[in-house]
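The structure appears right after this line, and notes come after that.
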Amino acid sequence: MSSLTAVHGLWAVAADPVERIPAPHIEYAQLAPTLIVVGAAILAVLVEAFVPRTSRYYVQVFLSVAALASAFAAVVALAAGGYGSTKAHIAAMGAIAVDGPALFLQGVIILAAAVSVFTFAERRLDPAAHGNRVDSFAAQAASVPGSDSERAAVKAGFTTTEVFPLALFAVAGMLIFPAANDLLTLFVALEVFSLPLYLLCAVARRQRLMSQEAAVKYFLLGAFSSAFLLFGIALVYGYAGSVSYARIADVVDGTVTSVDPALAGTMGNDALLLIGGALILMGLLFKVGAVPFHMWTPDVYQGAPTPVTGFMAAATKVAAFGALLRLLYVVLPGLRWDWRPVMWGVAIVTMLAGAVIAVTQTDVKRLLAYSSIAHAGFILAGVIATSEEGVSSVLFYLLAYSFVTIGAFAVVTLVRDAGGEATHLSKWAGLGRRSPLTAAVFAVFLLAFAGIPLTSGFSGKFAVFKAAAEGGAGALVVVGVISSAIAAFFYIRVIVLMFFSEPKADGPTVTVPSPLTMTAIAVGVAVTVVLGVAPQYFLDLAGQASTFAR
Amino acid sequence: MENLIALLVAAPLLGAAVLLCGGRRLDKAGHWLGTLLAGASFAVGLALFADMLGRDADDRLMTQHLFSWIPVEGFQADLAFHLDQLSMTFVLLISGVGTLIHMYSIGYMEHDERRRRFFGYLNLFLAAMLLLVLADNYLLLYVGWEGVGLASYLLIGFWQHKPSAATAAKKAFLVNRVGDMGLSIAIMLMFTTFGTFAFGPVLGAADETSEGRLTAIGLMLLLAACGKSAQVPLQSWLGDAMEGPTPVSALIHAATMVTAGVYLIVRSGAIFNGAPDAQLATVVVGAVTLLFGAIVGCAKDDIKKALAGSTMSQIGYMVLAAGLGPIGYVFAIMHLVTHGFFKAGLFLGAGSVMHGMNDEVDMRKYGALRKHMPVTFVTFGLGYLAIIGFPGLSGFFSKDKIIEAAFAKGGTEGWILGGAALLGAGITAFYMTRVMVLTFFGEKRWQPDADGHAPHPHESPRSMTVPMVLLAFGSVFAGGFFSIGDRFLGWLEPVTGYTHGHPPVSALTVTLATMVVLATGVAIAWAMYGRRPVPVTAPRGSLLTRAARRDLFQDDFNHVVLVRGGEHLTRSLVYVDHTLVDGVVNGTAASVGGLSGRLRKLQNGYARSYAVSMFGGTAILIAATLLMRAV
């Protein structure tokens with residue numbers, strides 16, 4: 001009888017009405033920046049399908065710029081509405097954070113993307129082919145380099161206007177990445193912005209083979225790192241029984257003691273947490289280009305179309321550091337004593353290796369790639385500070401760095417000879433005599449990279465090192481300063497080369513670009529100088545935006 | 001009244017600004033403007049003096065606070081003035097003698113086309129010197145100190161077309177820098193010791209400060225004083241400074257600026273009182289210099305250089321007195337004032353002689369000028385009597401007191417110092433008599449110069465003689481006026497303090513001994529130069545004479561020890577820089593480059609090896625994380 005009762009009981013349980021899945025509550029307004037960009041990207045795909053080829057370029061440029069402008073307006077509105085400070089919280093059922101760091105970085109990403117779109121849209125650098133204006137991208141990415149179909153595509157005046165929707169999708173992913181508040185969202189965002197970038201790398205008009213090689217390498221290594229990341233997520237889920245940042249943090253802190261029976265064998269197993277955490281870290285360090293996960297950077301930066309390189313170098317770094325900060329400050333603060341020494345090592349190796357290897361580079365794009373590795377190391381020093389000053393200094397550094405980077409790569413697109421961009425440094429000799437303005441602008445960017453006072457690079461580096469030193473990482477700062485000294489050598493060497501060497505007879509010429517690239521460069525110079533001369537307002541802004549919602 | 005203090009400095013400063021910036025338009029009237037503003041400063045000084053006399057002796061300090069100059073938390077310096085009896089004495093001396101010398105310069109510089117600039121510099125000097133003595137803190141004093149150094153440099157090198165003048169200016173500047181460094185170190189020490197620069201707190205807290213600190217500060221102040229006041233070992237610049245126009249020698253390098261060191265020591269009396277070792281160094285410097293200057297003065301044939309040696313020697317007396325502490329401060333300042341009168345008068349007399357003698361400075365080519373320049377002769381003669389300490393004249397009172405105070409120091413020290421001071425008095429009598437005799441007595445020895453222009457000695461214009469006459473009055477009466485009834489003592493004592501010293505022998509004995517020594521000096525000089533014809537070209541002379549002509553080898557010493565030593569030091573530093581420093585730098589660069597070359601080979605372009613790097617990196621990352629936990 002008793003068994004009968006038990007059976008009946010089972011039936012009774014089963015007969016209970018199925019628990020209703022509540023409709024997810026999504027705060028659409030607070031996700032507006034991302035939604036606008038995603039919507040525009042989808043619209044842009046439709047534009048590719050339905051708008052005639054001749055007017056696609058104009059529609060795409062307009063659409064991209066308008067979408068980014070509205071998204072930026074949405075970010076500003078959210079920030080003004082207090083979502084960066086008092087109203088900061090986790091939206092979309094715990095998936096996405098709307099808080100100071102997220103909004104600040106989203107703003108930076110959108111601005112960097114907007115300036116990059118200007119360089120994407122530049123069509124005056126190469127001479128017109130068959131009466132058609134051409135940009136930096138292949139006429140038809142699918143055609144085999146050197147084949148008849150490529151020639152036909154060029155003759156027909158095809159252009160790869162798909163770069164605009166691709167860029168918008170990438171931006172959408174990047175906007176989610178630093179705001180992602182659970183590991184799955186993090187992974188999805190990573191893939192959403194990585195896949196378009198792989199494609200963008202492959203579509204250079206000149207040196208297409210190199211471009212395709214870069215894209216394949218980036219894709220292979222990116223997929224490889226994604227696998228590590230995903231495995232790390234699985235392990236951490238095994239440890240915490242959840243992918244939510246808040247939940248994992250609670251388990252790490254020991255505030256959650258109830259054990260999910262399905263995970264009884266793994267939950268609370270620190271080995272899983274440590275290994276999983278390290279794997280997730282690795283995935284993010286790959287994206288920021290930290291040593292020893294940096295090796296894709298020089299090849300990809302060199303092979304990708306230069307406007308894409310600028311976009312990638314700036315925006316990807318911002319997004320990836322945002323995600324790294326959130327992971328370390330929200331999910332793993334309880335593990336600070338485990339990850340800090342490891343990150344110390346990564347930062348030191350990254351700073352030194354980036355600076356040292358850059359010394360012997362002869363290609364300006366590779367030089368900037370190694371420089372970006374060294375800068376990743378400097379930013380890591382700020383990340384390690386584990387304080388609000390650390391967060392705000394990293395935010396400021398990213399703002400400063402992204403505009404210098406885009407500006408510098410934009411200048412690289414201008415220096416051309418018969419084979420397209422003349423990126424070999426020997427060709428830059430004496431550029432200051434021929435084109436003093438261009439060389440001077442590039443010198444400003446190089447000085448900013450080197451961290452010379454009155455440029456944004458100095459303010460940023462100072463903020464990061466100060467935060468690191470106050471956070472007890474004095475030795476790291478010493479290494480950082482030594483690396484800066486080494487780095488200053490190769491930056492200044494380029495300046496010396498431009499201004500104090502005799503120009504070569506068959507040297508490159510500096511093309512006069514359209515107002516689009518000029519705007520990109522001018523914005524870069526303006527931000528560099530303003531952040532160098534009067535950084536306080538932006539430092540304050542970054543300071544106000546340095547608290548994570550939990 | 002107190003609000004007028006700033007005017008003392010402002011008037012000449014305005015003059016300097018207008019004259020130096022005004023351009024050629026002011027060429028015609030510039031010298032009048034400069035003189036007028038110097039006179040205005042003197043008039044303000046007199047008004048303030050009258051006001052001060054009307055107050056009680058304890059209530060004579062006037063201050064004026066203009067603004068906070070360096071308002072930094074924990075580092076405060078004000079632009080504020082401090083006018084007490086000591087400053088007042090200097091204000092009257094500087095602006096009074098300064099005005100007379102401005103007047104004199106109108107005539108003396110009449111034919112110089114850069115006269116406006118000259119007056120601009122003179123005004124600048126007055127402003128800086130007044131700032132020096134009026135400052136209420138050491139930092140502001142330092143501004144004035146550097147200001148007079150600048151003015152001195154500009155005026156010594158005023159005739160910059162002469163290489164000797166340019167070199168002399170540079171020499172004065174460089175030697176003074178050594179002293180200035182002493183002052184700046186002293187100020188830094190004061191800041192670390194007292195946390196402030198203002199006279200009141202610094203001097204007030206000196207009692208409670210360790211002797212070591214006070215000695216360090218005192219020695220640095222002494223170094224500063226040595227530089228500005230041309231005391232051994234920083235004396236070498238003063239002789240060369242005579243390359244400047246004679247009014248400059250009279251004002252800056254005799255009456256006022258060179259006495260700034262004495263002011264500094266007396267002003268910082270509280271510090272020296274607590275530092276016997278620094279005081280000992282001070283008296284040694286004073287005693288050595290008073291003999292050094294006197295010996296050099298004996299051998300010089302250049303009238304201005306002889307007087308320069310004398311200046312050095314007389315300031316030696318003042319430094320000696322200042323080093324004696326409260327028994328000597330008042331007499332140091334009293335001698336400073338009387339010396340200001342008679343030495344300025346002597347220099348103006350020398351200038352007047354040169355004016356009449358085609359700018360000849362060699363006394364061996366003078367002689368018998370008393371008939372041609374009666375006013376110059378009389379005023380110079382009165383100055384001469386005053387400086388040798390002829391009874392009743394200014395120098396008699398002030399110098400006698402110093403000799404007495406030196407003996408009163410007591411013990412062996414007292415005998416040595418007193419003896420040196422006494423001996424100095426004898427030598428002073430000798431060399432001043434020599435100057436007097438060579439210039440105004442004996443046969444006329446002047447001859448046509450190389451161009452065939454025979455000099456026509458004549459009396460100088462009124463603008464030059466009037467100041468000389470006025471200064472002669474001071475030379476004659478100032479000492480007596482100050483001493484009778486201890487007027488000067490009563491005036492200064494509230495500021496500097498005073499202890500009456502008791503010499504081991506009676507004061508009368510000291511005075512009599514001084515008289516004997518003095519008479520001996522005069523007699524020897526007369527025997528050597530008055531009774532025998534003076535050769536126009538200098539004889540070879542004894543070893544001591546030759547040494548003294550070479551300023552007792554001061555320049556040779558400096559050259560061998562400092563210049564050569566400095567050259568060797570810089571050469572070895574350059575060597576170290578080239579080999580060691582550059583070696584390290586280039587070596588570092590080469591090794592970084594080499595490392596870079598090797599590391600870049602890792603970047604071989606194969607995605608597979610990149611993946612291996614990532615894999616290995618991840619393994620290390622995990623291992624390190626686990627290791628951190630295990631540790």
Side-chain angles (χ1 to χ4, degrees), chain A residues 213-214 216-221 223-225 228 231-232 270-271 273-279 281-283 285-286 290-300 335 337-346 349 352-362 366 369-370 482 485-486 489-490, chain B residues 68-76 192 570 573-631:
Chain A
E213 179 190 335
V216 172
K217 276 183 191 164
Y218 192 17
F219 171 65
L220 283 176
L221 298 172
F224 193 47
S225 87
F228 281 105
F231 187 39
D270 273 359
L273 173 67
L274 293 175
I275 297 173
L279 289 174
L281 268 184
M282 177 268 171
L285 291 174
F286 173 83
V291 178
F293 317 108
H294 68 290
M295 301 193 87
W296 60 277
T297 325
D299 292 15
V300 174
L335 284 187
W337 306 112
D338 296 297
W339 63 256
R340 269 188 68 159
V342 178
M343 293 294 280
W344 263 64
V346 174
V349 177
L352 282 177
V356 168
I357 303 180
V359 167
T360 43
Q361 297 305 315
T362 52
R366 287 184 86 85
Y370 281 106
I482 292 173
I486 298 173
F489 164 75
F490 57 79
Chain B
S68 206
W69 177 31
I70 306 178
V72 176
E73 182 69 33
F75 187 104
Q76 299 280 342
T192 57
T570 50
L573 285 178
V574 165
Y575 178 76
V576 169
D577 186 47
H578 278 187
T579 52
L580 199 68
V581 178
D582 286 5
V584 170
V585 170
N586 293 337
T588 312
S591 49
V592 168
L595 185 65
S596 175
R598 245 164 284 152
L599 283 179
R600 68 182 293 199
K601 297 222 174 77
L602 295 175
Q603 192 78 26
N604 57 14
Y606 293 117
R608 55 175 186 263
S609 62
Y610 296 177
V612 168
S613 152
M614 285 165 61
F615 189 80
T618 312
I620 294 171
L621 207 61
I622 292 170
T625 316
L626 292 176
L627 197 66
M628 282 307 139
R629 176 55 66 93
V631 169

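First the proteins, then the strands, lettered A, B, ... as listed; each starts at 1. Side chains are part of it too, since the values below use all heavy atoms of this structure and drop only hydrogens, waters and symmetry mates.
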Considering only heavy atoms, which portion of A/F228 lies under 4.5 Å from any heavy atom of chain B: side chain, backbone, both, or neither?
-> side chain
Pair count under 4.5 Å, heavy atoms only, with chain A: among B/A624, B/A611, B/A623, highest is B/A611
Compare all side-chain heavy atoms of A/F489 with those of B/V592 and state whether any distance is below 4.5 angstrom.
-> no
Could you give the distance from CE (B/M628) to CG (A/L335), rounded to the nearest 0.5 Å?
-> 13.5 Å
For the candidates B/A589, B/S596, B/G616, which exhibits the highest count of non-hydrogen atom pairs separated by less than 4.5 Å from chain A?
-> B/S596
Minimum-distance pair of heavy atoms, taken over all atoms of B/S613 and A/P292 = OG-O, 2.8 Å
Smallest separation among heavy atoms of B/L621 and A/F293, with atom names = CD2-CZ, 4.2 Å
Here the gap from B/Y606 atom OH to A/M295 atom CE, rounded to the nearest 0.5 Å, amounts to 13.5 Å
Measuring heavy-atom distances to chain B, does A/V346 have an atom under 4.5 Å in its side chain, in its backbone, in both, or in neither?
-> side chain
Atom group of A/Y218 that falls short of 4.5 Å from chain B, counting heavy atoms = neither
To the nearest 0.5 Å, what is the distance between CG (B/L627) and CG (A/L274)?
-> 11.5 Å
Could you tell me the separation between the CZ atom of B/R600 and the CZ atom of A/R366, rounded to the nearest 0.5 Å?
-> 7.5 Å
Contact class of A/Y370 relative to chain B, heavy atoms under 4.5 angstrom = side chain
Rounded distance (nearest 0.5 Å) linking atom CG of A/D270 with atom CZ of B/R629 = 4.5 Å
Please check if atom CZ in A/F224 has more than 12 non-hydrogen atoms from other residues, nucleotides or ligands closer than 6.0 Å.
-> yes
Turns out that what part of B/L602 lies under 4.5 Å from chain A's heavy atoms comes down to both
Determine the minimum heavy-atom distance between B/A607 and A/L220, stating which atoms define it.
-> CB-CD1, 4.4 Å
Are any non-hydrogen side-chain atoms of B/T625 and A/I275 less than 4.5 angstrom apart?
-> no
Choice from A/L221, A/V359, A/L285, A/V291 maximising heavy atom contacts with chain B below 4.5 Å = A/L221
State, yes or no, whether a side-chain contact exists between B/M614 and A/M282 at a heavy-atom distance under 4.5 Å.
-> yes
